[in-house]
Protein chains: 2
Amino acid sequence: MAPKRSQTELAVLGALSLAPMSGYRVRAEILSTVGHFWAESFGQIYPALARLEAAALVSRDDSGRYLLTDRGRLRLAELLREAPESAPPRNGVLLRLFFGRKLGVDGCLELLDRMEHDVALKMRTFAEIRAELDPSDPDERFALITVSAGEHNGRATLAWIAESRIALAAAPPASPASDAGPESAAR
Amino acid sequence: MAPKRSQTELAVLGALSLAPMSGYRVRAEILSTVGHFWAESFGQIYPALARLEAAALVSRDDSGRYLLTDRGRLRLAELLREAPESAPPRNGVLLRLFFGRKLGVDGCLELLDRMEHDVALKMRTFAEIRAELDPSDPDERFALITVSAGEHNGRATLAWIAESRIALAAAPPASPASDAGPESAAR
DNA sequence: CTCCCCATGTAACTGGTTACATGATTCA
DNA sequence: TGAATCATGTAACCAGTTACATGGGGAG
């Protein structure tokens, strides 16, 4: 029912609710604040701004920056109350691990190594963001909650990786990757 | 470089590596095994099968079921070794929480309630799946690892929800949703 | 003067979902 | 014999990324 489009508009209206800014800045703002869990590209943002302006949800000040109108603020509140739709999941790492028999234990371990590295990086940026946020500022309290989501998730992923390494090491009673196909000899 | 298309083909080839089956069954198989972290629709699967057959990666047996050719098995091993690309994140709940100031604490709490409910459901299905898997079967070991990923994630999410409820309850020194807009009086 | 960042936009392409059309088989 | 499930496909639509084209403004 609710078109996905409204999700992009939600992000744009939300960004503009923080301050008036150019389309370029909207994208930068989205990247630097909700970027960890929400992505938008120029190809989405500019058309969205055009639609929003046509619908009088945003307008432009004398220096060209976009800002919310009263209708825009209403619309933002409305969109925030709509049920969040989550994108259909597509986790390439899990997909590969599921077929780990064909990939081989070594391949699985490599996947976990890469993932651990990526998560560790993310955790560091979370720590930086957290350090810059002021927990007593009522606005930033909400930002802190989203950072915390990332941290919980990251810690869980790291724990799962450690556990999975052990499970994989215990695995190879069967001949490893015995049906990986004819190329297994060439490897 | 690697077109996303290959990700769908990976899923289809992977399903067929378990057993020969019809396109309809491929979809059912994907749903019931990797469905928690990977989605495919008919509109993707049938064209993919047609392409794969044209490329001689799959063929059909006398009863019409698709099965992997040797080339198909090779291609599967190749795709499994390719770097997994993860879809750009789009978490509607976190997006809304980030703008929680405009949504109001009550709205945030509702989001958390719904999410908790959803996660609890998922955790139950994970438990069921785990109960049906045999940890000594080398094939199902890999399935177990993916289930475990879901469980770790779910537990982390539940912990984060509990923590966030407390953070939200401690929040309202400022007048709640003071700039939610003109409708705040009507609410 | 040149390079880099700010800024706005568009076109082409890909990926993906949804809904529809169609018919066979199974089973109560 | 009717309902449910299995099965195959297609058309329309939507969403989203990427790459390109274009130009202003400031810093070195």
Side-chain angles (χ1 to χ4, degrees), chain A residues 1-12 15-16 19-32 34-35 37-54 58-67 79 82 84-92 95, chain B residues 1-12 15-16 19-32 34-35 37-54 58-67 79 82 84-92 95:
Chain A
M1 184 134 294
K4 295 230 175 117
R5 163 159 277 146
S6 60
Q7 300 265 109
T8 289
E9 295 181 358
L10 169 54
V12 170
L16 289 177
M21 62 187 89
S22 67
Y24 187 89
R25 274 284 149 204
V26 166
R27 196 253 192 162
E29 191 68 23
I30 288 178
L31 251 186
S32 71
V34 298
F37 48 87
W38 198 268
E40 296 289 351
S41 62
F42 282 131
Q44 290 284 104
I45 288 171
Y46 282 113
L49 281 169
R51 282 196 307 274
L52 291 171
E53 191 176 11
V58 309
S59 61
R60 313 187 70 161
D61 68 10
D62 29 339
S63 56
R65 295 177 308 174
Y66 291 91
L67 47 87
L79 288 174
E82 270 183 12
E85 15 182 333
S86 39
R90 288 215 138 189
N91 187 322
L95 181 65
Chain B
M1 183 136 294
K4 293 230 175 118
R5 162 159 279 145
S6 60
Q7 300 266 108
T8 288
E9 295 182 359
L10 170 53
V12 170
L16 290 177
M21 63 187 89
S22 67
Y24 186 87
R25 275 284 149 204
V26 166
R27 195 251 193 164
E29 191 68 23
I30 289 178
L31 251 186
S32 71
V34 298
F37 48 86
W38 199 269
E40 295 290 351
S41 62
F42 282 130
Q44 289 283 104
I45 288 172
Y46 282 113
L49 281 169
R51 283 195 306 274
L52 291 171
E53 191 176 10
V58 308
S59 60
R60 313 187 69 161
D61 68 11
D62 29 340
S63 57
R65 294 178 309 176
Y66 292 93
L67 46 87
L79 288 175
E82 271 184 10
E85 14 182 334
S86 38
R90 288 217 138 187
N91 187 322
L95 180 65

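Values below: all heavy atoms of this structure, side chains included; hydrogens, waters and symmetry mates excluded. Here is the naming used below: chain letters follow the sequence lines, and residue numbers restart at 1 for every chain. This structure is a prediction, so every number in the text was calculated from the model and none was measured.
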key: Approximate separation, where rounding is to 0.5 Å, of S59(A) OG and E53(A) CD   = 7.5 Å

message = As a test of reading the structure: which of dG9(C), dT8(D), dC6(C) is closest to the side chain of F42(B), going by heavy atoms?
response = dT8(D)

inquiry  = Using 0.5 Å steps for rounding, measure from the CZ atom of R90(B) to the OG1 atom of T8(A).
reply    = 4.5 Å

task = Send over the distance from Q44(B) CD to dC14(D) P, rounded to a whole Å.
result = 17 Å

query = Roughly how far apart are I45(B) CD1 and I30(B) CD1, rounded to 0.5 Å?
reply = 4.5 Å

inquiry  = Counting only side-chain heavy atoms from C-beta out, which of dT17(D), dC6(D), dA7(C) sits nearest to R25(B)?
reply    = dC6(D)

ask   = Hey, what do you get for CD (Q44(A)) to CG (L49(A)), rounding to the nearest 0.5 Å?
value = 11.5 Å

task = Over all heavy atoms of both residues, which pair between R60(A) and Y66(A) is shortest? Give the atoms and the distance, please.
result = NH1-OH, 3.2 Å

inquiry  = So, OP1 or OP2 of dG16(D): does either fall under 4.0 Å of a side-chain N or O from T8(A)?
reply    = yes

request  = Give one of base, sugar-phosphate or nothing for S22(B), where a contact means two heavy atoms less than 4.0 Å apart.
outcome  = sugar-phosphate

key: d(CD1, I30(A); P, dA7(C)) in whole Å   = 15 Å

ask   = W38(A) CH2 to dT17(D) P: how many Å, rounded?
value = 11 Å

task = Measure the distance from CD on Q7(B) to P on dT17(D) and round it to the nearest whole Å.
result = 16 Å

inquiry  = Could you tell me how far apart L49(B) (CG) and dT8(D) (P) are, to the nearest whole angstrom?
reply    = 8 Å

note = Separation of dT8(D) atom C1' from I45(B) atom CD1, nearest Å, is 12 Å

note = Testing dT17(D), dA7(D), dT10(D) for proximity to the side chain of Y24(B), the answer is dA7(D)

inquiry  = On the nucleotide dG9(C), are OP1 or OP2 found under 4.0 Å from the side-chain N or O atoms that Y46(A) carries?
reply    = no

task = Report yes if a side-chain nitrogen or oxygen of R90(A) is closer than 4.0 Å to either non-bridging phosphate oxygen (OP1 or OP2) of dG16(C); otherwise report no.
result = yes

query = Is there a side-chain polar atom (N or O) of R65(A) under 4.0 Å from OP1 or OP2 of dA7(C)?
reply = no

query = How close or far is atom P of dG9(D) from atom CZ of R27(B), stated in whole angstroms?
reply = 16 Å

query = So what does G23(B) touch, heavy atoms closer than 4.0 Å: a base, only the sugar-phosphate, or nothing?
reply = sugar-phosphate

Sugar-phosphate only, base, or nothing, as touched by R60(B) at under 4.0 Å among non-hydrogen atoms = sugar-phosphate

Residue A39(A), side-chain atoms from C-beta onward, closest of dC5(C), dT17(D), dT10(C) = dT17(D)

task = Could you state the atom-to-atom distance from CE of M21(A) to C1' of dA7(C) in whole Å?
result = 15 Å

